[in-house]
Amino acid sequence: MSCALRSTLRLSSGAGAASSIVRSPQSCLIGTSLSPRHTFVKLNRRDPNHVQHARSLASEARSPVAPTSGGHPSHKVVIVGGGSAGQTILHQLWRTGLFAQGDLALLDGSAWHHYQPGWTLVGAGLKTKEELRRPLPELLDDTGATRYARNVVEFKPSQNRVVLEDGIEVAYENLVVCPGVDCKWEKVRGLREALEEKSGRVVSNYSFESVSNVFPAIQSLRSGNAIFTQPLGVVKCPGAPQKAMWLAEDYWRKAGLRSDTGTSAIKVSFATGNPVIFAVPKYAAALNEIRESRNIEMLAQHNLLEVHSSNKASFSVPSKEGEPPRSVTLDFDLLHATPPQGPLDVVAKSPLADQAGFVEVDAATTRHTRFPNIWSAGDASSLPTSKTAAAITAQAPVLVANLVGAMKGGDAALATYDGYTSCPLLTEYGKVMLAEFKYGGQIKETFGNLFGIDQAEPRRAFYHLKKDFFPAVYYGSMVRGTWAGPKGWTFSSPHGASARTTRSLSTFTGRPSAAQQCEATVSRGFATSSARARDMPARRPRDPLANNPHAKRHPLKSGETFIVRPPPTLSSPESVISDDSTNEGPWLPSASGSNAAPSHLPPALPPRTRSAQAARSAESKSLTADEISLIRQLRAEDPIKWTGNQLAKRFGCSPTFIRIIAPAPKEVRQVRKEHEEARKENWGMNKRLSVEGRKARRELW
Ligand code: UQ1
């Protein structure tokens with residue numbers, strides 16, 4: 001066992017005592033500990049120069065100097081923890097354009113950020129742990145936030161201050177607490193020692209050091225008992241302990257060491273402290289079916305207590321009423337352990353904590369129930385849902401909207417979180433069951449709603465989401481604040497009010513509700529180009545055409561107004577239109593002669609793109625009678641698979657033509673229509689307005 005692992009395990013158990021603890025509040029799987037890159041400077045709180053020191057610490061991280069409050073560096077919003085939640089929230093706040101350099105601060109002593117949802121893939125030999133990490137400072141560079149490369153050791157909510165490990169106190173107007181949860185390795189006797197042993201029989205996907213030992217251990221096992229454990233209580237990504245099992249079992253199956261019937265060279269057991277395999281009954285039923293078909297033993301209510309030696313482990317099991325708790329000891333040849341987990345001591349012992357030690361926030365608004373200027377999301381929060389990165393994609397926009405709303409003195413409870421979370425369960429190499437649900441274990445499936453498929457059925461497409469898409473979108477978009485999970489990239493606020501700043505030629509205005517006004521500002525930054533976003537804070541640019549005397553207003557049925565404002569550089573609809581075609585405005589269909597745009601009309605729609613034109617001309621392609629009857633036959637056999645688009649592709653004609661000669665059955669059309677309606681509900685303001693606008697322009701022309 002390396003020193004590094006030893007120190008990791010030791011450090012990650014304590015709260016705030018050591019400078020090098022990494023407490024990444026990540027979604028799936030557990031934080032790890034590495035030394036921060038910055039030099040540790042011990043500062044004395046009583047030293048009158050400590051503020052000066054704090055400033056130099058801040059600038060050490062290439063950050064602006066903070067203003068002070070009562071002698072303490074002070075910020076409008078201080079974020080505790082730079083993991084998935086902290087980074088996502090920081091970037092989303094920055095993108096609102098409401099904050100200047102130094103208004104925001106992030107406190108985290110970690111040198112690295114790990115994409116922990118990917119560690120299951122490392123344990124299965126599909127990725128390396130190194131490719132899943134990034135230096136933390138690099139991820140924060142594009143915000144104007146001050147980074148303190150220190151962890152918090154004390155919360156002082158009544159004074160609006162937090163204390164850093166070197167004694168510095170940082171003051172805040174608003175505090176966002178998302179330091180994640182800790183692995184409590186020490187709660188299982190003998191586990192740390194067993195993980196350090198050379199035999200490599202005890203492994204875990206739940207730490208940076210040990211995750212790379214998992215796949216070699218799976219590869220080298222040829223026979224015996226393999227036990228995969230899940231502790232009773234909260235864990236990050238509650239599906240991860242069994243993902244390790246499903247993939248290992250599949251590996252051994254492919255290696256000829258497992259069979260569905262009779263005896264296999266390797267026996268596989270899932271020992272969980274919980275009574276069921278998964279908390280949501282729909283997915284639990286599907287998983288149990290797969291488990292039985294693959295001959296995997298379920299040891300329910302078996303909570304790992306102790307690892308005795310390199311081949312024996314004890315579990316507590318329920319006893320009959322009135323009898324003392326029992327324990328059973330099992331032999332193993334490979335043990336994949338998931339450590340018990342819980343809130344960091346610094347949070348659990350603070351006034352912020354609920355009885356279980358998590359930051360006590362309102363389940364809908366993410367606002368603290370007792371300190372209105374404190375907020376929390378992610379693993380450290382008391383939000384009663386599964387702790388995953390997917391959950392953070394839904395929590396962060398709610399927190400940001402409500403925090404900004406509260407700062408503006410408005411109603412902070414505008415946006416609400418419904419408990420959305422997701423667990424992409426790898427059930428074998430190449431297949432994933434995409435569990436998605438909200439509070440109360442109610443199903444909330446993205447693709448089920450869009451395409452009418454059952455997400456409890458493991459699929460290859462979901463596997464690629466998990467293995468390739470999510471890691472890329474995580475670093476490329478999520479922690480940069482531009483990914484809203486199942487809602488995709490267009491960051492639409494929880495009320496669907498996402499506003500574009502201005503458009504050059506035409507602008508939509510409406511009378512947004514108070515909620516929309518607030519959120520329009522919240523999400524404004526998301527519509528800017530990435531180059532602009534980097535140069536934030538963005539100001540709403542003054543519209544140079546605001547006083548254009550030629551502006552025409554077209555009220556739309558939806559309540560919005562479509563305003564046409566020809567730029568001064570172009571001839572206005574009222575001006576004499578020259579024959580010179582270079583003088584054509586893009587808003588004029590044709591500037592020549594009598595075809596000039598009538599001044600009372602908004603711009604014409606641009607001509608159809610080449611591909612659309614090609615598709616239209618393909619409509620005239622004549623199909624043979626055989627082809628037409630084949631189309632009808634395919635449509636009748638499997639109308640779900642053979643959509644209009646699929647058939648059009650196959651037969652080289654347009655989907656419209658297909659829909660005319662072989663319309664889909666009424667029920668299928670009905671279901672599609674419902675999905676389409678559901679999809680429209682999720683449209684952001686931009687999309688809605690652009691569709692409305694096109695419709696209006698089509699009608700007017
Ligand atoms: C998601 O957004 C996300 O973040 C990048 C994940 O990575 C950990 C996920 O596992 C899931 C399920 C989502 C949710 C997104 C969709 C499209 C279902």
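Hydrogens, waters and symmetry mates play no part in the numbers below; they use all other heavy atoms, side chains included. Owing to the predicted nature of the structure, the values given are computational and were not obtained by experimental measurement. We count ligands from 1, going down the list as the structure has it; atoms in each ligand are counted the same way. Heads up: numbering here begins at 1 and tracks the sequence.
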Donor-acceptor side-chain pairing of Thr643 and Asn645 below 3.5 angstrom: no
Any Trp483 heavy atom less than 4.0 Å from ligand 1: yes
Atom indices of ligand 1, in the order listed, that fall short of 4.0 Å to a heavy atom of Gly485: 2 (O), 15 (C)
With sequence neighbours excluded, residues passing ring pair (Phe, Tyr, Trp, His ring centres under 6.0 Å) with Phe228: His336
No-hydrogen, no-angle side-chain donor-acceptor test under 3.5 Å, Lys243 and Thr120: no
Glu436, portion touching ligand 1 at heavy-atom distance under 4.0 Å: side chain
Qualifying residue, where the test is side chain to side chain contact (heavy atoms under 4.5 Å, CB included) with Glu428 and the options are Glu249, Arg294, Arg253: Arg294
Phe469 contact mode with ligand 1 (heavy-atom cut-off under 4.0 Å): neither
Sole residue of Lys438, Gln395, Glu436 in side chain to side chain donor-acceptor pair (under 3.5 Å) with Tyr420: Glu436
Ligand 1 atoms in contact with Tyr115 (distance to a heavy atom under 4.0 Å): 7 (O), 8 (C)
Atom indices of ligand 1 within 4.0 angstrom of Ser422 heavy atoms, with elements: 12 (C)
Whether Phe462 lies under 4.0 Å from ligand 1, heavy atom: no
Pairing of Lys673 and Glu676 as salt bridge, 4.0 angstrom limit: no
Which of the ligand 1 atoms, numbered from 1, are nearer than 4.0 Å to a heavy atom of Ala389: 8 (C)
Mutual orientation of the aromatic rings belonging to Phe208 and Trp119 [parallel < 30°, tilted 30-60°, perpendicular > 60°]: tilted
Heavy atom of Tyr475, distance to ligand 1 below 4.0 Å: no
Numbering as shown, the atoms of ligand 1 that approach Ala390 to under 4.0 Å (heavy-atom distance): 9 (C), 11 (C), 12 (C), 13 (C)
Atom indices of ligand 1 within 4.0 angstrom of Tyr420 heavy atoms, with elements: 14 (C), 18 (C)
Interfacing atoms of ligand 1 (cut-off 4.0 Å, heavy-atom, Val473): 5 (C)
Non-hydrogen atoms of Ala284 and Ile277 that approach each other most closely: O-CG2, 3.7 Å
Contact atoms of ligand 1, heavy-atom distance to Thr446 under 4.0 Å: 18 (C)
Contact list for residues 393-402, test salt bridge (charged side-chain N to carboxylate O under 4.0 Å, His left out), sequence neighbours left out: none
